[in-house]
Each structure stands twice: as structure tokens, then as C-alpha cells.
Amino acid sequence: MSVVSTKSKTSSKEEMKEEKIYDAIIIGGGPAGLTAGIYLSRARMGTLLIEKALPGGQAILTEIIENYPGFPHGITGPELMQKMEEQAVRFGLKIEYGEVVEVKIKVGKEDKKGKEDKVKIVKINNQEYRTLTIILASGAEASKLEVPGEEELRGRGVSYCATCDAPFFKDQKIVVVGGGDTAIEEALYLTKFVREVTIIHRRDRLRATKILQERVFANKKINFAWDSVATKILGKEKVEGVLIQNKKTAEEKEISCQGVFVFVGNVPNSKFLYELIKLDQKGYILTDDNMMTSQEGIYACGDVRKKLLRQVVTACGEGATAAFAAQKYIEELKGVSYK
Ligand code: NAP
């Protein structure tokens, strides 16, 4: 491993600084981050992956992944992600746990050749890590509906994860909000447990992939409230129903139910980047074709990146490209010298 180690840890008032300089720090352990980890470790780059919770990202919450090539009968999200983690660790990837709160570029001195110090700093709570490159693979998380009752009844009938919570709703009546791949896949999964599912969708056609639409329309346990939005989640101690409004007629209606599963898209985990990296209006990271962000030596891949298609397979491809681009950058930098 080519980690440059100067001193052991030094402590200032509150902060611990790791004096060694990693070649690459990957932020996020979903499919994009783990793939970058596999590539960088095989290239023998000194790499650290930092993960907030469990490696696997959102894919770990998916019951079955049917469109990742190589698994003709599908593979469960947890199994696929566990295999990716095992593969990365086998090649030497180091994984640490913690939430990154800040990424900084060290203000560098110029060396004799006029090259600036290229060290970047990744801050996790009271710890600082130094690195030559960063791969941002922090993914995205479920969007909220932002309606009354949602926050108050979260965990008491309001859920954002069917694989986590479905068994709590055995033989009950629930609603699913959303019309994308996640909403439809999760609604189908929920029918294995619940008595009845009503899908509330704000338009009169689904966004989900056609094969999922065929399955959902054929499922006798599922019915639809089209052109409708949930305006309030009802209940005191737990969910008792949902108030919906038809967008075309403005008519309001109450649906009695014990659970509300919300799948209305995602928001990127990019808040910690502040003004360092160029983001689009929604907070997705802008990159070039080689996954480089607006900052030299900082790359982005996976769901946190602005792109057309958010899938495990695209996340993996981008993770590989980001890792390869980072490797080239590191090699060039080392050829020149750095501090
Ligand atoms: P998505 O594709 O953005 O779909 C979000 C759905 O929620 C849309 O139907 C949208 O309606 C609706 N919606 C958004 N905001 C809403 C609001 N405030 N109130 C009510 N409805 C709202 O999100 P996703 O389904 O989570 O999927 C995210 C990405 O992951 C997609 O690229 C998807 O293809 C991918 N994914 C793939 C798979 C798979 O390949 N098996 C599985 C899961 C996810 P409109 O349609 O009217 O915009």
C-alpha cells in the first residue's frame, strides 16, 4: 500500500489529525463506493472507505435486484452488497465508520516546480483524514412528503422501507405513495404481508418500468388512487388513515389504513460539501465524463451524481471510472512530488 505516513496521530484541543496521507478516501459504501474500493485496492492505492452506517447503501434495503447482470433469477440486495464488500476487503480496502461533516482542500504551499500541495481533508466528527483524492459516493436518501402527520407518526405507521417494516403490517391495510420503480417494487413486496395496498399517485400513469407495471396491474391486492396527492396523515398514537386530494377535481377523501409507505424519490446526500463542489439545483453533484467534479482530484459516482439512470449497475460503472481517473491523477501527482 502506498499510504504516505509522516507522524502518528497528533491531538490539538479537540481534534485528532491523522498525519498519514491516503491516496484516496471514498465517502460512502454503496455499490459505487465499494466498486471504487475494489478498483483502487487492486491498483494498490492506499485507500480508506468511510461509511455512515452499514456498507451497502440503499441497495441493501431492496428485497430482490433483477436487473443486475449475471444473476438470471435476481439476487437479494443484502446478498449482492455483502459480496461486493467482501470482494473489496479481500483486495485490502480499509473501511471505517463515521459521518463525514466536511471536506476541505488544504491551502498548500508551492514547491520548487511551482506545484501546489494537493492534499485534501475529510472531517468526521472530531477526526481529520488527509488524502490526495476523494471519491464522493454518498448516495441519496428517501424524500419526505412534507405533510402534517408525517414526522409525528414516523415509525408509528409511517415508513420509508418496506423490507424493514413490512412484517409489522401483517393482514393490515396500507397505502403506498409514489409511482416510480421503488414505489411499485415495494408495493408488490408488501402484498406478501398485508391484506390490501392502495397506491396513491399524483398522475394517471406510472413512472415505473413496464415489467413492474404489468405485475402491479395483475396483483389483486393492489388498487390505485390516481391523480391524487396525500395531504395529511391521520392518527394520534399511530397511523389511522390518510387524507388525499384529487388534483383534477380538488375532491378530498379519507382512506382508512394502518400504514403509509412513502416512496416519492430521493434527495442526494451532499449537504456536507457546502460550496466546495458544484451541485445542481437539487443538490446532485455535477461531473465530467471521467467523474471529476468541479474540484481537481475530487470525483463523484453513484446516486449522489447528476445523471440519467440511477441503478446498481450504473453506480458500479461510475465507481470503476472514478477510481481509474483518481488512480491516474495520483500517479501523475506522485511523479511530480507532493507534500
Ligand atoms: P423516482 O423514479 O424519482 O419516482 C418518484 C415517484 O414519486 C414518481 O412517480 C413521482 O411522480 C412521485 N413523486 C415525487 N414527488 C412526489 C410528491 N411530492 N408527492 C407525490 N408523489 C411524488 O424515484 P424512485 O422510484 O425512488 O427511483 C429512484 C431511482 O432509482 C430511479 O432512477 C429508479 O429507476 C431507480 N430504481 C430502480 C430500481 C430497479 O431498477 N429495480 C428499483 C428502485 C429504484 P411523477 O411520476 O409524477 O414524477
Side-chain angles (χ1 to χ4, degrees), residues 1-3 21-60 68-69 77 80-100 103 118 120 122 124 129-140 268-270 272-273 277 284-307 309-334:
M1 284 237 174
S2 51
V3 172
I21 302 171
Y22 285 95
D23 289 327
I25 289 188
I26 302 167
I27 302 174
L34 287 171
T35 305
I38 292 169
Y39 276 72
L40 285 164
S41 302
R42 293 188 79 242
R44 296 295 183 236
M45 297 283 134
T47 309
L48 172 69
L49 184 148
I50 300 170
E51 166 56 43
K52 186 163 67 170
L54 273 180
Q58 286 191 307
I60 212 165
Y68 189 78
L80 180 62
M81 296 323 301
Q82 198 197 333
K83 282 180 191 291
M84 283 192 200
E85 185 190 347
E86 254 177 58
Q87 194 175 354
V89 170
R90 179 165 87 83
F91 291 119
L93 180 68
K94 185 174 160 194
I95 301 181
E96 288 208 2
Y97 296 91
E99 183 160 5
V100 174
V103 169
K118 302 284 185 188
K120 288 131 193 109
V122 175
I124 313 171
Y129 294 92
R130 305 199 301 155
T131 179
L132 295 178
T133 63
I134 297 174
I135 296 190
L136 301 163
S138 46
N269 292 320
S270 60
F272 64 96
L273 298 169
I277 304 286
Y284 289 101
I285 301 171
L286 301 168
T287 70
D288 66 11
D289 290 350
N290 295 337
M291 307 300 137
M292 192 156 93
T293 67
S294 53
Q295 290 286 354
E296 196 187 294
I298 304 187
Y299 304 83
C301 47
D303 280 5
V304 73
R305 186 180 159 255
K306 181 181 165 65
K307 58 176 175 173
L309 184 62
R310 294 198 161 76
Q311 307 271 298
V312 176
V313 71
T314 56
C316 292
E318 292 161 26
T321 302
F324 189 69
Q327 182 193 330
K328 295 284 150 221
Y329 177 83
I330 295 159
E331 284 167 357
E332 203 170 298
L333 212 55
K334 284 186 171 174

Donor-acceptor under 3.5 Å ([X] side chain, [Y] main chain):
| X | Y | answer |
| --- | --- | --- |
| Lys52 | Gly98 | no |
| Thr133 | Asp23 | yes |
| Thr287 | Ala300 | no |
| Asn269 | Ser138 | yes |
| Gln295 | Ile277 | no |

Close side-chain approach of [X] to [Y], heavy-atom, < 4.5 Å:
| X | Y | answer |
| --- | --- | --- |
| Lys334 | Leu132 | yes |
| Ile285 | Pro268 | no |
| Ile95 | Glu85 | yes |
| Leu34 | Leu49 | yes |
| Ile135 | Cys301 | yes |

State whether the number of non-hydrogen atoms from other residues, nucleotides or ligands found under 6.0 Å of [X] atom [atom1] is greater than 12.
| X | atom1 | result |
| --- | --- | --- |
| Lys307 | NZ | yes |
| Arg310 | CZ | yes |
| Asp288 | CG | yes |

Begin from the C-alpha positions of Phe272 and Leu136 and carry the test side-chain contact (heavy atoms from CB on, under 4.5 Å) through to its verdict.
CA-CA 11 Å; Phe272 64 96; Leu136 301 163; 4.1 Å; yes

Does the side chain of Lys94 come under 3.5 Å of the side chain of Tyr22 through a donor N or O and an acceptor N or O?
yes

Do Glu296 and Tyr329 get their side chains close enough for a donor-acceptor pair, meaning under 3.5 Å?
yes

Check [X] against [Y] and note the closest heavy-atom contact, atom names and distance.
| X | Y | answer |
| --- | --- | --- |
| Val103 | Ile298 | CG1-CD1, 4.4 Å |
| Arg130 | Ile25 | O-CD1, 4.4 Å |
| Phe91 | Ser41 | O-CB, 3.4 Å |
| Glu51 | Gly28 | OE1-C, 3.8 Å |
| Met84 | Cys316 | CE-SG, 3.6 Å |
| Pro31 | Ala59 | CG-CB, 4.3 Å |

To the nearest 0.5 Å, what is the distance between [atom1] ([X]) and [atom2] ([Y])?
| X | Y | atom1 | atom2 | result |
| --- | --- | --- | --- | --- |
| Arg42 | Arg90 | CZ | CZ | 8.0 Å |
| Leu48 | Leu40 | CG | CG | 11.5 Å |
| Thr131 | Ile50 | OG1 | CD1 | 9.0 Å |
| Thr47 | Ile330 | OG1 | CD1 | 7.0 Å |
| Ile21 | Lys118 | CD1 | NZ | 14.0 Å |

Stepwise side-chain contact (heavy atoms from CB on, under 4.5 Å) test for Glu331 and Met45:
CA-CA 10 Å; Glu331 284 167 357; Met45 297 283 134; 3.9 Å; yes

Does a salt bridge link Lys83 with Glu86, judged by any charged N lying under 4.0 Å from a carboxylate O?
no

Check the pair Ile38 / Leu93 against side-chain contact (heavy atoms from CB on, under 4.5 Å), numbers first and verdict last.
CA-CA 7 Å; Ile38 292 169; Leu93 180 68; over 6 Å; no

